[in-house]
Amino acid sequence: MSLDDYKKAAALAALDYVEPGMIVGIGTGSTANHFIDALAKIKHKIDGTVASSEASAKRLKGHGIEVMDLNATGDLSLYVDGADESNRHLHLIKGGGGALTREKIVAGASKKFVCIADHTKKVDILGNFPLPIEVIPMARSFVARQVVKLGGNPVLRQGFTTDNGNLILDVHGLQIAEPAKLEAELNNIPGVVTNGIFAIRPADVLILGGPDGIETLT
Ligand code: 5RP
């Protein structure tokens, strides 16, 4: 079995959290794509979705699944998304696909956040995966200098613009011992839209696919 098979197994397991009449928040990335494909088979049961990226919206619409505006839906019952890393407290690093800001908005607006991933994403301490930060273009250098002062090594993601028209700094070399504290600290730098630590609003459930089957952490 490949890592992609494990991602798919986690995505299929997340279908158990979908209830009739729900509007489901949908994440971004290869694991979220497996969830979208699985959701297509039960699309008649749900009222619609809210997408965290243009890419996911396109895939959902391709399956004939309705994509709604978060401003019109109000809070959601369920958000399903992948992650780049998770610790045992279900604090995450997200944003490998660059959709972190919309992902954090939809996660924040959802009562339950079910995170789906392959087993390699579970770590003891966050930070081996470079931490993405979405920045307003004119603040790129300023934010990078502040991040260096915090001990990080920021690298501009080349040739990439977010769905919101901004840039991504990928920050290497951080050992994130206190995720919620660093999340707030980084978000306080002027020019930062948001960063990829999801600790202030962590996942509620983590479903990991792996060689021994599905592991669920809450
Ligand atoms: C996108 C994300 C993704 O959830 C994260 O990068 C994991 O991606 P994948 O499911 O492809 O491993 O945060 O912004």
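Quick caveat: nothing in here was measured; it's all calculated off a predicted structure. Order of appearance sets the numbers: ligands from 1, and atoms from 1 within every ligand. Computed over heavy atoms, backbone and side chain alike; hydrogens, waters and symmetry mates excluded.
Residues N164 and R102 have side chains in contact (heavy-atom distance under 4.5 Å, counting atoms from C-beta outward).
Protein neighbours of ligand 1 below 4.0 Å, counting non-hydrogen atoms: K7, T28, G29, S30, T31, D81, G82, A83, D84, K94, G95, G96, G97, G98, A99, E103, K121.
A salt bridge does not link D84 to K94: none of the charged side-chain nitrogens sits closer than 4.0 Å to a carboxylate oxygen.
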Do T101 and E134 pass the side-chain hydrogen bond (donor to acceptor under 3.5 Å, both in side chains) test, and can you show the C-alpha distance, the side-chain angles, and the key distance before you say yes or no?
CA-CA 7 Å; T101 299; E134 179 165 353; 2.6 Å; yes
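Not one N or O on the side chain of D75 forms a donor-acceptor pair closer than 3.5 Å with the backbone of S110. Between the side chain of D170 and the backbone N or O of L131, no donor-acceptor pair lies under 3.5 Å.
Within the 6.0 Å centre-distance limit, the rings of H119 and Y6 are counted as a close aromatic pair.
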